[in-house]
Amino acid sequence: MTRGRWSAAVLAVALLAGGCTDEDANARFRPGAADLGDPYVPGAGNGGYDVAHYALQVRYDPASDRLTGQATVTATATAGLSRFQFDLAGLTVDRVRVDGAPATHRRDGNELVVTPAHGLPAGKRFTVEVAYGGVPQPLPSGELGDGGFHATGDGAIALGQPESASTWYPVNDHPSDKATYDLEVTVPDGLAALSNGVPKGRSSKDGWTTWRWSEGSPMASYLTTLVIGNYRVSTGTHAGKPLVTAVAAGLPADGPAARALARTGEVADFLADRFGPYPFDAYGGIAVADERIRYALETQTRPVYGPGFFRGGRPNTEVVAHELAHQWFGDSVSLSRWSDIWLNEGFATYAEWLWNEHDGVRTVAQAFADRYAVTDWTKPTVDPGRAAMFGDAVYQRGALAVHALRRAVGDETFFRMLRGWLAERRNGTATTADFIGYAERVAGRSLRPLFDAWLVGASAPALP
Ligand code: TRP
Ligand code: ZN
């Protein structure tokens, strides 16, 4: 029975019984779920609403590590809500308003529970303003390295996967709820404050500078970043869009990090030739010097690169190809659930193989053969388990599966398939089953045995 017919039936009974409409009204509103049931990230995300936009105003003082924030979140109720939750780790909430009216709020671990003065009917668009502040902390996540907010002395670096955003703003922290963002970051004069998307200018007042950023394409929350500190910022354009790169002042001005990031436009164009048009309105990259950042992350339009990638003498463009490939695979077309992470990492690793072939390092065929020889086929690529999210079965076996698909359908069909998939799913989310279904439609035949063997089979598949 649909909700509408059920309500009508209840109302009819209530009228016959002499009218008890208050109870009927209450039954329309229930608490929104405390998470989205993704077993890889217990507690992350929230049910009952869908965020369209975050407008964040954040002030950060590196001298005290204090952050003060004002978040305005615009969302639509997907069910009748008596109350709802955001993910918010640490930090103190001073005030919450829903559609301009004061709302009650309480903390429950890393959740902010908001009870508006009136229930929110299903389908209603509403705006939540949260005033908050405190000293942000990283989120411990064991072997994956801490995600979230890292104070660096001269500033801060906020990033991390699968969770990090809740350490600096209230958020529906799951990639299945993408939203657009406007961000204003206020920092002491002389420091840079970098984030995602198009630069919207900056202004100074009383010793503080506000940097403005805008991301107009839907973005998963783990792809947001905030990097504050002493950076050499270079602002230009590429292919008619703003290109902003930043290199930590602690890294050499013309060293491997700076020289690798300078090739961002060239690498993006190489990938666009294969995957279709670059999906966003800005380009960029940020090279940080903090040794705790042991990874690069594909933060939308502006990946963050840890210092470990740039130790060798020559610029590491392989990692640039990997993070920029994620702009298509992961950022534009995002995960519905973390167990499908090979859809991000398998394709980003494959993009490294394509770039390395182009760059004269080694052929794709060679990369494939080398990997095939050392792969542990007992470990599955799909649903590898939380602890193996960033393991070889996801990155390397995932890339092997991509190449096996290419060999099976041929180059022309393969690249047409990738471009079609990315165009159809642009700004959305997808699952492994969605991808296989799409690939089968383009190929005009079943690819089930191929994907089963390469993604989850427990022994070495026959070479295609
Ligand atoms: N997704 C990142 C990449 O492939 C790697 C990564 C995994 C990461 N966990 C992380 C980066 C945590 C930063 C923080 O490039
Ligand atoms: Zn990756």
Side-chain angles (χ1 to χ4, degrees), residues 40-41 44 89 137-150 152 156-168 173 175 196 219-227 257 260-261 264 267-268 271 275 284-310 316-335 337-356 371 381 384-402:
Y40 283 53
V41 284
Q137 305 291 335
L139 271 181
S141 54
E143 70 291 343
L144 304 180
D146 289 350
F149 202 95
H150 302 79
T152 57
I157 302 167
L159 89 159
Q161 184 185 17
E163 293 171 82
S164 57
S166 67
T167 63
W168 60 286
D173 202 6
N196 310 90
M219 172 162 65
S221 50
Y222 79 95
L223 297 171
T224 60
T225 189
L226 181 62
V227 178
L261 263 62
T264 293
V267 176
L271 296 171
F275 298 159
I286 305 169
V288 300
D290 194 289
E291 295 294 342
R292 289 170 297 173
I293 309 303
R294 295 193 304 264
Y295 298 94
L297 187 62
E298 60 267 25
T299 42
Q300 192 155 311
T301 70
R302 203 151 290 121
V304 174
Y305 302 92
F309 292 101
F310 306 112
N316 179 347
T317 48
E318 182 178 88
V319 68
V320 176
H322 182 106
E323 303 313 329
L324 293 181
H326 276 308
Q327 304 305 309
W328 286 261
F329 291 99
D331 295 13
S332 176
V333 182
S334 305
L335 303 176
R337 49 176 192 237
W338 285 107
S339 56
D340 288 322
I341 186 163
W342 83 276
L343 287 174
N344 293 2
E345 303 304 347
F347 285 95
T349 303
Y350 194 67
E352 289 179 48
W353 296 4
L354 293 170
W355 172 256
N356 280 340
R371 260 304 148 184
T381 300
R386 156 92 194 201
M389 265 179 90
F390 301 108
D392 281 353
V394 169
Y395 284 69
Q396 305 298 339
R397 187 175 173 179
L400 290 172
V402 172

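As the structure lists them, so they are numbered: ligands from 1, and atoms in each ligand from 1. Atoms considered below: every heavy atom in the structure, side chains included; atoms not considered: hydrogens, waters and symmetry mates.
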Within 4.0 Å of some non-hydrogen atom of Leu297, the atoms of ligand 1 are 1 (N), 2 (C), 11 (C), 13 (C)

Only counting residues at least two apart or in another chain, list the ones meeting side chain to side chain donor-acceptor pair (under 3.5 Å) with Glu163.
none

So the atoms of ligand 1 within less than 4.0 Å of a heavy atom of Tyr395 turn out to be 1 (N), 2 (C), 3 (C), 4 (O), 5 (C)

Kindly assign one of parallel, tilted or perpendicular to the pair Tyr395 and His322, based on the angle between their ring planes and the thresholds 30° and 60°.
parallel

Below 3.5 angstrom, do we get any N/O pair linking Ala296 and ligand 1?
yes

Within the 4.0 Å heavy-atom shell around Gly160, which atoms of ligand 1 are there?
14 (C)

When every non-hydrogen atom of Ala321 is compared with those of Leu271, the smallest separation belongs to O-CD1, 3.7 Å

Counting C-beta onward and ignoring hydrogens, is there a side-chain heavy-atom pair between Glu352 and Val319 closer than 4.5 Å?
no

Could you tell me whether Phe275 and Phe329 have their ring centroids closer than 6.0 angstrom?
yes

Are the ring centres of Phe149 and Trp168 closer than 6.0 Å?
no

Glu298, any N or O under 3.5 Å of ligand 1 N or O
yes

Closest to atom 13 (C) of ligand 1 among Phe309, Tyr305, Tyr295, Phe390 (heavy-atom distance):
Tyr295

Listed as residue and atom, the protein N/O/S atoms under 2.8 Å from the Zn ion (ligand 2) are His322 NE2, His326 NE2, Glu345 OE1

The ring pair (Phe, Tyr, Trp, His ring centres under 6.0 Å) partners of Tyr40 (sequence neighbours excluded) come to none

Residue list, side chain to side chain contact (heavy atoms under 4.5 Å, CB included) with Ser166, at least two apart or on another chain
Asp87, Ala89, Leu139, Val171, Asp173

Can you tell me if His326 contacts ligand 1 (heavy atom of the residue under 4.0 Å from the ligand)?
yes

For atom 1 (N) of ligand 1, which of the options Gln161, Met389, Arg294 provides the nearest non-hydrogen atom?
Gln161

Taking all heavy atoms of Gln396 and all of Arg371, pick out the closest pair and write down the distance.
OE1-NE, 3.3 Å

Does Tyr222 have its ring centroid less than 6.0 Å away from the ring centroid of Trp338?
yes

